[in-house]
Protein chains: 2
Amino acid sequence: MNTTPLRLVMNKNLYQRDPQDTELGRKIIQESIKMIDELGFEKFTFKKLAEQIESTEASVYRYFDNKHRLLVYLIAWYWVWLEYRIDFGTQNIESPLKKLEIALDILAQKKVLDPAFPLVDETALFRIVIAESDKTYLTKQVDEDNKEGLFRGFKSLCDKIAGFVKEVNPDFKFPYSLISTALQASHQQLFYSDHLPSLTELGKTNEDVNVANARFLREMVFRSIGK
Amino acid sequence: MNTTPLRLVMNKNLYQRDPQDTELGRKIIQESIKMIDELGFEKFTFKKLAEQIESTEASVYRYFDNKHRLLVYLIAWYWVWLEYRIDFGTQNIESPLKKLEIALDILAQKKVLDPAFPLVDETALFRIVIAESDKTYLTKQVDEDNKEGLFRGFKSLCDKIAGFVKEVNPDFKFPYSLISTALQASHQQLFYSDHLPSLTELGKTNEDVNVANARFLREMVFRSIGK
DNA sequence: CGTTTGTGATAGTAATACTATTATTTAAAA
DNA sequence: TTTTAAATAATAGTATTACTATCACAAACG
């Protein structure tokens, strides 16, 4: 089966020059995902990246103002992608309960390569999201970054799922709080199961970590909203 | 009313030389809390700290191997302090449900100066916890740091509250996951209400943010475990 | 009284996160 | 096809960071 290659539309403030437009830009995306995954964000530098893609630091700076912005771009891409997958998965579904279930499932699902986006290695990007996504907003410049709309992807996703919650139970007082908590938890629990296993049950049962994660999320969310 | 000044016992791997032992060490703690709160962790450096306390970079390095370790120390101190407050608050309480309630309340409570620890500005430290605590473990060296026991404070706290959960409902499958999620959420929701308000209900009602936070946490935890 | 211990003073280093300039290649417009 | 503009490469340079190393001094301690 074939899939049309797609292009996610990203907020223009996320980049200086659109990396999806040029060969060099695409290399920056591809290679930075690989390198941040391997080195971690702090050890990753534009210099090392430029060496890898056989270009120069100055050229990379033409696409992204700094490495923080590049990280924000990658994470934003992930959230936009997730929302697209949830839109896709909940297409033609009537029941809000069912839609919520599907959304949580997609969240927790093991990530595999999406042929619609050959540019991006979603499995590596997912590891980056788990380990680095909080760093996008845990800075002194959150407010300015937020004003520029850099976190729109995350907010939009949260809004969508919170919308399902409101449909399921219009009386529940904390749909946004609950869903933003669930979104975070979905990554955190995976990080814990890998590195601080005494903080989670995931990985302790004989079922797959991702499946256990999905069960945990579903239980927490559904019980919280009283279903 | 008077309180005896206390000293929390910290894991020896958290420091090079115990900062609680000397005048300089105590200044490092006091001033670093102030500076990290103001500058944020990335802009904070040992050089700037040394200038403030009228000492030298080299002297600071005698107490902490690097600034990451100093952050880990401060955050660890906070968790140990919280656990001590929860121990205190649940003293002589029989009902596990009540104990759980108290623990969550203490978690979400607005933090004020604790006269038992005149060295530490708990309000500033709390802001640091909200904005920086995740950075203690979101690194490539988590596993080594964890082996050294640097995260014992957090794990111990999580273990204690999860213990209450198990007492309340021995059949619940995810006590650790739920409590580690709640611990994180308690800070995250406050951060969101300050900087990304569309992700949370806190701050939208006419009640105090901390009170709303406590209600959210209680609702999420109690409903999840079926009480 | 001598020695350990903590601190200060100073110097130095490799790496980071940029900025700036010029030259060269490539692609689009005339 | 030529002109011209845009994109990139090459190179250099800077302030700051996160350390490490050395030596000297003063207090405290046994």
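Per chain, numbering begins at 1; letters A, B, ... match sequence-line order.
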- Query: In whole Å, what is the span from the CG atom of A:L71 to the P atom of C:dA17?
  - Reply: 13 Å

- Determine the contact category for B:K43: base if any of its heavy atoms lies under 4.0 Å from a base atom, sugar-phosphate if only primed atoms, P, OP1 or OP2 are that close, otherwise nothing. nothing

- Task: Rounded to the nearest angstrom, tell me the gap between atom NE2 in B:H68 and atom P in D:dT17.
- Result: 18 Å

- Given D:dA9, C:dA17, C:dT16, which nucleotide is nearest the side-chain atoms of A:K67? C:dA17

- Could you check which of D:dC19, D:dT11, D:dT8 has an atom nearest any side-chain atom of B:N66? D:dC19

- Message: Testing A:F117, A:Y84, A:F126, A:F154 one by one against A:W77 for a ring pair (Phe, Tyr, Trp, His ring centres under 6.0 Å), which residue passes?
- Response: A:F117

- Message: Below the 4.0 Å mark, does D:dT8 have OP1 or OP2 next to a side-chain nitrogen or oxygen of A:S55?
- Response: no

- Under 4.5 Å between any side-chain heavy atoms of B:Q184 and B:D134, yes or no? yes

- Query: Can you tell me how far P of C:dT7 sits from CZ of B:R26, to the nearest Å?
  - Reply: 10 Å

- Between A:K204 (side chain) and A:P197 (backbone), is there a donor-acceptor pair under 3.5 Å? yes

- Looking at D:dT17, D:dT8, C:dT7, which one has an atom nearest to any side-chain atom of B:T22? C:dT7

- Looking for any heavy atom pair under 4.0 Å, which part of the strands does B:Y61 touch: base, sugar-phosphate only, or nothing? base

- Atom CD of B:E57 and atom P of D:dT22: how far apart are they, to the nearest Å? 17 Å

- For C:dC18, take OP1 and OP2 only and decide whether either is under 4.0 Å from a side-chain N or O of A:K47. no

- Compute the ring centroids of A:Y73 and A:Y78, then answer whether they are less than 6.0 Å apart. no

- Item | B:F64 and B:F46 aromatic centres sub-6.0 Å | no

- Message: In this structure, how many angstroms lie between the C1' atom of C:dA15 and the CG atom of A:L49, rounded?
- Response: 17 Å

- Position toward the 5' end of DNA chain D (nearest nucleotide), A:E23 or B:F44: A:E23

- Nearest-angstrom distance from the residue atom CG of B:D18 to C1' of C:dG6: 14 Å

- Note on the structure: Rounded to whole Å, the CD-P distance (A:E51 to C:dA15) equals 11 Å

- Note on the structure: Of A:R62 and A:E42, the one whose closest nucleotide on DNA chain C sits nearer the 5' end is A:E42

- How do B:S59 and A:D65 order along DNA chain C: which one's closest nucleotide is nearer the 5' end? B:S59

- Can you figure out which of C:dT7, D:dA10, D:dT8 approaches the side chain of A:Y63 most closely? D:dT8

- Task: Mind checking B:R17 for me? I need base, sugar-phosphate or nothing, with any heavy atom below 4.0 Å counting as a touch.
- Result: sugar-phosphate

- Item | Atom-to-atom span, CG of B:D21 to P of D:dA28 - whole angstrom | 15 Å

